[in-house]
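Working notes, structure below.
Throughout, protein chains are lettered first and strands after them, A, B, ... in sequence-line order, and every chain is numbered starting at 1. Hydrogens, waters and symmetry mates are skipped; everything else that's a heavy atom, side chains included, is used.
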Amino acid sequence: MSVELYDTFSRSVQTLSPWSGDKLRFYCCGPTVYGPAHIGNFRTFLIQDTLCRVLKVDGTCVQHVRNITDLDDKTIFQSQAEGKNLSEFTTYWSEKFHSDCAALNMLAPSAEPSAVAHIPQMINLVEKLIEKKHAYATDDGSVYFRVSSYKDYGRLSRLNQRELKTQSSNSAGQVNDADEYDRESVTDFALWKSRKPEDGDNYWPSPWGEGRPGWHLECSAMVHSSFDGETIDLHGGGIDLCFPHHENEIAQSECAHGKEFCKHWFHTAHLMVEGEKMSKSLGNLYTLDDLCAKGFSPMAIRYTLISSSYRQQLNFTFDGLHASQSALSKLERFAQSLLDKTGEASKDFNATYVTAETIKDFGLLAKAWDALRQNLNTAASLGAIFGVIGSNPAASLDAEGARSMLRAFGSLLYALGLELYKTEDKIIDAPADIIALANARWAAKQSKDFNKSDALREELIEKGWVVNDEKDGFNLEYRS
RNA sequence: GGCGCGGUCGCCAAGUGGUAAGGCCGAGGACUGCAAAUCCUCUAUCGUCGGUUCGAUUCCGACCCGCGCCUCCA
């Protein structure tokens with residue numbers, strides 16, 4: 001068994017395996033905690049989470065590190081705008097990020113280092129770079145990376161140095177005008193920024209004077225300390241980070257430590273919303289809370305965000321969200337049909353997943369598992385699952401057969417991170433007046449007063465509740 | 001201009017050198033007092049034009065169209 005994944009560096013699909021030892025070292029550029037993460041952020045994190053899950057089911061031990069960016073232009077400026085100190089501000093948004101992750105059924109990473117906690121390591125890194133002539137300090141106490149000193153610069157994104165434009169903006173998109181003339185070259189980027197009045201209290205002492213680290217530096221420092229200086233196997237992030245962020249990480253790390261930084265690069269394509277680029281100005285920048293408020297479940301959101309190729313742009317639509325909800329229900333019915341055969345009651349597949357090695361044979365679901373292993377083809381995997389569902393296998397299985405199919409299916413659900421039966425509560429939680437109406441309707445129906453029962457049903461529909469009759473009763477379903 | 005991604009059924013979306021998975025929606029049927037829910041059945045020749053081939057949606061070339069990155073961004 002093995003897992004394969006497209007690698008940006010070689011532009012080809014490569015097998016993932018630890019280059020040394022028995023655990024796969026996997027680093028992801030995490031969220032900048034200056035507000036709620038949006039679904040575009042979550043697409044990337046969710047795809048990364050799904051990969052971790054697939055690796056786990058495959059039996060690979062993963063050391064997954066995802067940082068928290070809590071020290072950059074955006075967190076500093078936004079915290080000041082809100083009159084809060086940086087730590088109070090970023091703690092709040094980190095916690096919000098964590099609760100969103102939990103709602104989306106994401107596994108917690110092995111570690112989540114924070115940038116502010118790594119300032120000494122960053123300073124140490126800059127000292128090494130200066131020592132090796134890959135960096136230089138300017139008169140105002142800033143330090144820049146000398147891009148011309150690293151001949152491989154641009155290899156990941158395949159940009160030639162001569163094609164590089166300036167790196168003259170900060171991470172909040174504002175132009176750094178003051179230092180324009182201090183740099184040797186417009187392509188050089190900041191490792192350390194000298195203290196500016198607008199930074200407020202957010203400055204730290206360094207050999208070059210008070211200031212703060214440049215944005216790209218934190219990932220190099222945290223990778224180094226999180227993985228004991230070892231070359232890592234896999235590095236993930238949104239496609240936009242390929243240049244310049246990842247290019248800069250490579251340059252900083254390889255020049256400082258003199259060894260290969262990372263073996264395999266994993267980039268996720270961006271999200272469009274209803275055919276347009278997602279942006280605040282278009283008003284289509286959704287957070288998890290926004291969508292939940294519209295009545296969509298976190299699971300439907302997860303399903304939507306992971307159900308297509310991670311290398312292709314995903315056009316996020318409300319139609320798609322509805323489709324996901326329906327598809328999820330179909331998976332639940334299938335699970336129920338297997339459960340009925342086995343007589344088992346546990347619906348918590350996430351707690352009972354088993355590794356591929358234990359399963360040995362995914363049986364009819366083998367195609368679905370192979371699709372996940374082969375470059376995380378979630379769309380093909382789901383397609384294969386539904387293909388099996390369509391053949392109604394439960395009908396011809398005995399209890400033992402159903403049990404083994406359930407085990408394979410459960411592991412696929414675990415790998416995809418899909419938790420079934422999460423929306424059941426909605427059915428039970430109908431308010432008292434709705435339940436009273438529904439009971440009255442049922443009574444009318446029992447006494448064959450169909451005019452009255454139909455009228456009551458209409459009334460319920462107007463209030464957003466659909467009645468589904470069963471043999472000996474009914475259930476209520478909320479439709480937003 | 002450079003680096004990438006894509007154009008497959010109404011929508012979303014896999015895929016392979018030998019005549020196209022799947023999801024949603026829709027239609028018909030079963031069930032139902034009627035519905036709803038559920039179940040069953042049904043719907044494409046793959047952007048355009050050339051080439052290679054016994055045979056291409058799948059390989060090559062050209063072209064058209066959409067999108068991303070190249071400045072902060074997952």
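- Across all strands, A:G238 comes closer than 4.0 Å only to sugar-phosphate atoms, never to a base (heavy-atom distances).
- For A:E470, the side-chain contact (heavy atoms from CB on, under 4.5 Å) criterion is met by A:N475, not counting sequence neighbours.
- Remark: A:F386 pairs with no residue by the ring pair (Phe, Tyr, Trp, His ring centres under 6.0 Å) rule, at least two apart or across chains.
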- request: Could you provide the dot-bracket string of RNA chain B, using ( ) for intrastrand pairs, [ ] for crossing pairs and | for bases paired to another strand, with Watson-Crick or G-U pairs below 3.5 Å?
  value: (((((((..(((.....[...))).(((((.......)))))....(((((..]....))))))))))))....
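- In terms of the side-chain contact (heavy atoms from CB on, under 4.5 Å) criterion, residue partners of A:F450 (sequence neighbours excluded) are, by chain and number, A:K445, A:K448, A:S453.
- Within the nucleic acid shown, A:S326 comes within 4.0 Å of sugar-phosphate atoms alone, with no base atom in reach, counting heavy atoms only.
- If you take atom P in B:G7 and the same atom in B:U32, they sit 46 Å apart, rounded to whole Å.
- For A:D361, there are no salt bridge (Lys or Arg N to Asp or Glu O under 4.0 Å) partners, not counting sequence neighbours.
- For A:T304, the side-chain contact (heavy atoms from CB on, under 4.5 Å) test picks out A:F316, A:L321, A:S324, with sequence neighbours left out.
- A:I47 places its CD1 atom 15 Å from the C1' atom of B:C5, with the value rounded to the nearest Å.
- Residue contacts shown for A:H38 include a base, since a base heavy atom lies under 4.0 Å away.
- Between B:U48 and B:A56, the distance separating the two P atoms is 15 Å to the nearest Å.
- Remark: A:R43 pairs with no residue by the salt bridge (Lys or Arg N to Asp or Glu O under 4.0 Å) rule, at least two apart or across chains.
- Using a 4.0 Å heavy-atom cutoff across all strands shown, A:I389 reaches no nucleic acid atom at all.
- Across all strands, A:K330 comes closer than 4.0 Å only to sugar-phosphate atoms, never to a base (heavy-atom distances).
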field: Protein proximity profile, nucleotides 31-37 of chain B - base contact B, sugar-phosphate-only contact S, no contact -, cut-off 4.0 Å on heavy atoms
entry: --BBBBS
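- Here A:R43 does not reach the OP1 or OP2 of B:A74: none of its side-chain N or O atoms lies under 4.0 Å away.
- Every residue was checked against the ring pair (Phe, Tyr, Trp, His ring centres under 6.0 Å) condition with A:Y34, not counting sequence neighbours, and none meets it.
- A donor-acceptor contact shorter than 3.5 Å links the side chain of A:S253 to the backbone of A:E249.
- A:R302 has a carboxylate O that lies under 4.0 Å from a charged side-chain N of A:D49, or vice versa, which qualifies the two as a salt bridge.
- Look at A:H270 and the base of B:A74; the rings stack, centres closer than 5.5 Å and planes less than 30° apart.
- Regarding A:D240, its CG atom lies at a distance of 17 Å from the P atom of B:G4, rounded to whole Å.
- A sub-4.0 Å separation between OP1 or OP2 of B:G2 and a side-chain N or O of A:R158 is absent.
- With sequence neighbours left out, the side chain to side chain donor-acceptor pair (under 3.5 Å) criterion links A:D340 to A:Q336.
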- line: B/S/- along nucleotides 10-16 of chain B (protein heavy atoms under 4.0 Å) is ---SSS-
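- Separation of the A:H38 and A:Y286 ring centroids does not fall under the 6.0 Å cut-off.
- Listed by chain and number, the residues in a side-chain contact (heavy atoms from CB on, under 4.5 Å) with A:T69 are A:T32, A:N67, A:D72, A:W215, A:E218 (sequence neighbours excluded).
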